Amino acid sequence: MQNIKNFINGEFVVGAEGKTFDKRSPLTNQVIASVHEAGRADVDRAVMAARQALHGEWGALTMEQRVDLLYGVANEITRRFEDFVDAEMADTGQPRHVMTHAFIPRGAANFKVFADVIKNVPSESFRMDTPDGRGALNYAIRVPKGVVGVIAPWNAPFLLMTWKVGPALACGNTVVVKPSEETPLTTTLLGEVMNSVGIPKGVFNVIHGFGPDSAGEFLTHHPKVDAITFTGETRTGTAIMSAAAKGMRDVSFELGGKNAGIVFADADFDAAVDGIFRSAFLNSGQVCLGTERVYVERPIFEKFVNALKDKAEAVKFGRPDDPNANYGPLISAEHKEKVMSYYAKAVEEGATVVTGGGVPEVPAELAAGHWVQPTIWTGLPETAAVVQEEIFGPCCHIRPFDSEDEVVQLANANDYGLSTTIWTTNLTRAHRMAARIEVGITWINSWFLRDLRTPFGGSKQSGIGREGGVHSLEFYTETRNVCVKL
Ligand code: NAD
């Protein structure tokens, strides 16, 4: 069993209060690690170490030196690829190919891409006239925000955490990271990487624990944290925003979603079925960009529902590195209980259960794991809880539609506004719809195709701000204007 410590000022340390909590495998519910919880004093030490590093060795580096170190981090993650894959598989229980093709390479890319971005960012200047005719020159300089608190979720832990740490460090900030209590392993491993490539002490700190009355809350309330970037549930975002209001700290929020997938009758049918299948069921449906509401044009509705059902019924449950398996469990017993409560609610609300709705058969050694069946419903009104609320499980409701206007209105009739995926060969219509659907990201004939230079974030209840490429600089730096009289 692993013993997971906090990483403060370049050292792996136990919490001052001596508290630990168990990390359990999603596959078997067995305890796989004992994690040292950071108390208020530990969080304070981490924040003060980060503050000291900001004004010490890290702050004294040139941008070129900083960027070289970040390339070193990316290379070291790649060199230790299998360690990260194993740790993330242990934490999440998701298939190896999800780790090797998405979660871990994206973690390395997050350091490399933002090192590239910061090297190439232009600066702004304005020449102005003055009454004496000599003029003045204004130019803007970007400085780091300071100590950034990073709070990450469990669903794609390494990818989502590094998506914030990469740009924060590229911009010259220092960070204190609170990974999810469900997924402590890869963030801790990153501490080893930071030390081995020579990132100065205190630049990257990790504190373990929970949210309320634990490390998460201690971090967001700490007065020496200058900005907070958070990915997680909208409800948690609300609590963090009120903590950040004290001291006027800036926030960047990537929150929940209840995303619509829209399929027109003229779409490439097989590509649309594959795309919606991935968007609804990848990572056992635990993807913020996932599609839990599917709208299919009436002429192909029955055919589409049957094709999606066939794919959902073909998944093979098992361990991440089992070559005969391709489907993993939910993250925790608590999350399984939540998803199963929505499965029951769908039936109460009068859904037709096209497939799933229960717990699959798995080998006896995995029986205590958090397995649920991919589930498809039809026949519910739009007001039903399972059509309106984020479930974050492997499930979707499919409804027929008859016109573009109708489906735009259906897609927008939700409090969230993270993403949408539209499947059609009529690109004029697709572009028109992209401008009308109230989300931060629209995919046309694709899903989860990400270029890290593009703006990423949600509208409505799905977030505040945009990260990605130069957009990340808006959050991770402060712009100062200098006016020079000529
Ligand atoms: P969560 O909000 O429960 O927890 C996220 C993190 O916040 C964890 O580290 C948790 O310990 C911490 N936390 C909880 N309460 C806190 C508090 N009061 N103060 C400080 N920290 C606190 O979310 P989750 O269950 O880990 O993740 C799933 C959610 O994340 C879903 O809603 C999903 O849509 C969302 N998500 C959004 C994006 C995006 O980019 N928009 C990406 C991934 C996940």
Side-chain angles (χ1 to χ4, degrees), residues 21 23 26 35 37-38 40 43 91-92 102-103 106 110 149-164 176-184 186-187 206-222 225 228-244 246 249 251-259 282-292 330-332 334-339 389-393 414-419 439-441 448 450 452 454-468 472:
F21 62 92
K23 159 64 194 164
V35 186
E37 187 175 347
R40 203 182 284 278
V43 173
D91 256 349
T92 65
F103 287 10
R106 259 289 300 281
N110 284 333
V150 177
I151 303 201
W154 47 257
N155 63 311
F158 191 58
L159 180 162
L160 290 167
M161 177 270 299
T162 50
W163 167 245
K164 294 173 177 306
V176 179
V177 184
K178 214 287 291 161
S180 169
E181 54 275 29
E182 302 291 353
T183 50
T186 40
T187 310
V206 182
I207 49 163
H208 290 295
F210 303 83
D213 202 26
S214 181
E217 192 178 296
F218 303 150
L219 180 62
T220 55
H221 283 78
H222 198 293
V225 170
I228 300 165
T229 176
F230 166 72
T231 301
E233 280 191 26
T234 299
R235 194 178 42 174
T236 313
T238 308
I240 292 178
M241 193 155 183
S242 74
K246 222 180 202 168
R249 279 91 50 76
V251 294
S252 173
F253 284 168
E254 294 174 349
L255 308 176
K258 185 73 181 180
N259 311 298
L282 181 80
N283 209 32
S284 305
Q286 303 165 121
V287 180
C288 56
L289 307 160
T291 301
E292 289 186 355
L330 297 179
I331 190 72
S332 64
E334 187 190 352
H335 192 50
K336 178 179 173 184
E337 198 180 308
K338 174 185 163 186
V339 171
E389 296 169 17
E390 183 186 48
I391 301 170
F392 218 54
N414 191 267
D415 291 340
Y416 292 107
L418 187 54
S419 70
V439 291
I441 307 133
F448 211 162
R450 292 275 295 117
L452 304 186
T454 59
F456 180 92
S459 306
K460 304 200 281 193
Q461 301 277 306
S462 290
I464 295 181
R466 295 291 179 270
E467 296 197 30
S472 292

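In what follows, every heavy atom counts, from backbone to side chain, and hydrogens, waters and symmetry copies are set aside. Please read all numbers here as calculations on a predicted model, not as lab measurements. Both counts, for ligands and for their atoms, begin at 1 and track the order of listing.
Although no hydrogens or angles enter the test, the distance criterion places no donor-acceptor pair under 3.5 Å between the side chain of T236 and the main chain of G232. When atom types are taken as modelled, the side chain of S462 and the backbone of G417 share a donor-acceptor pair closer than 3.5 angstrom. Under the 3.5 Å distance criterion, the side-chain polar atoms of E217 are left unmatched by any main-chain donor or acceptor of S214.
The CG atom of N259 sits 8.5 Å away from the CG atom of N414 when rounded to the nearest 0.5 Å. To the nearest 0.5 Å, atom CZ of residue F253 and atom CZ of residue F230 are 7.0 Å apart. A distance of 10.0 Å separates NE2 of H221 from CD1 of I240, quoted to the nearest 0.5 Å. Considering CD1 of I228 and CZ of R249, their distance stands at 4.5 Å, rounded to 0.5 Å. Taken to the nearest 0.5 Å, the CD atom of E390 stands 7.0 Å off from the OG1 atom of T234. The line from CG of L418 to CG of L255 is 8.5 Å long, rounded to the nearest 0.5 Å.
A side-chain donor from one of T229 and E467 sits under 3.5 Å from a side-chain acceptor of the other. When only modelled atom types and interatomic distance are considered, N110 and T162 share a side-chain donor-acceptor pair under 3.5 Å.
Contacts between V287 and ligand 1 below 4.0 angstrom, taking non-hydrogen atoms only, are absent altogether. At a heavy-atom cutoff of 4.0 Å, ligand 1 is contacted by no atom of S214, backbone or side chain. Residue contacts with ligand 1 for L418 involve side-chain atoms from C-beta outward but no N, CA, C or O (heavy atoms, distance under 4.0 Å). Here L219 has no heavy atoms under 4.0 Å from ligand 1, in either its backbone or its side chain. When heavy-atom distances to ligand 1 are checked against a 4.0 Å cut-off, P179 comes that close only through its backbone atoms N, CA, C and O. With a 4.0 Å heavy-atom cut-off, ligand 1 is reached by the side chain of E181 but not by its N, CA, C or O.
With ligand atoms numbered from 1 in the order given, ligand 1 contributes 40 (O) to contacts under 4.0 Å with heavy atoms of F456. Each of the following atoms of ligand 1 lies closer than 4.0 Å to a heavy atom of T231: 5 (C), 36 (N), 37 (C), 38 (C), 39 (C), 42 (C), 43 (C), 44 (C). Of all atoms in ligand 1, listed by their number and element, those nearer than 4.0 Å to a heavy atom of K178 are 8 (C), 9 (O), 10 (C), 11 (O). Listed by atom number, the atoms of ligand 1 under 4.0 Å from F230 heavy atoms are 2 (O), 5 (C), 6 (C), 7 (O).
Nearest protein heavy-atom contact of atom 34 (O) of ligand 1 is E390 OE2, 2.6 Å. For atom 22 (C) of ligand 1, the closest non-hydrogen atom of the protein is G211 CA, 3.4 Å. Nearest protein neighbour of atom 35 (C) of ligand 1, counting heavy atoms only, is G232 O, 3.3 Å. Regarding atom 27 (O) of ligand 1, its nearest protein heavy-atom neighbour is P153 CB, 3.3 Å. Protein heavy atom at the shortest distance from atom 42 (C) of ligand 1 is C288 SG, 2.9 Å. The single protein non-hydrogen atom nearest to atom 24 (P) of ligand 1 is W154 NE1, 3.4 Å, given as residue, atom name and distance. Counting only heavy atoms of the protein, atom 44 (C) of ligand 1 lies nearest to N155 OD1, 3.4 Å. Nearest to atom 41 (N) of ligand 1 among the protein's heavy atoms is L255 O, 2.7 Å.
Residues F392 and W154 bring their aromatic ring centres within 6.0 Å.
With salt bridges taken as basic N to acidic carboxylate O contacts below 4.0 Å, none links E181 and K23.
Checking each of T92, L160, I331 against N155 for a side-chain contact (heavy atoms from CB on, under 4.5 Å) leaves exactly one that passes, namely L160.
Under the 4.0 angstrom criterion, atom 4 (O) of ligand 1 counts as lacking any protein heavy-atom contact.
Of the candidates T236, I240, D213, the one placing a heavy atom closest to atom 2 (O) of ligand 1 is T236. The nearest non-hydrogen atom to atom 8 (C) of ligand 1, considering only A152, G216, S462, comes from A152.
Using a 4.0 Å cutoff on heavy atoms, F253 does not count as a contact of ligand 1. Residue G458 places no heavy atom under 4.0 Å from ligand 1.
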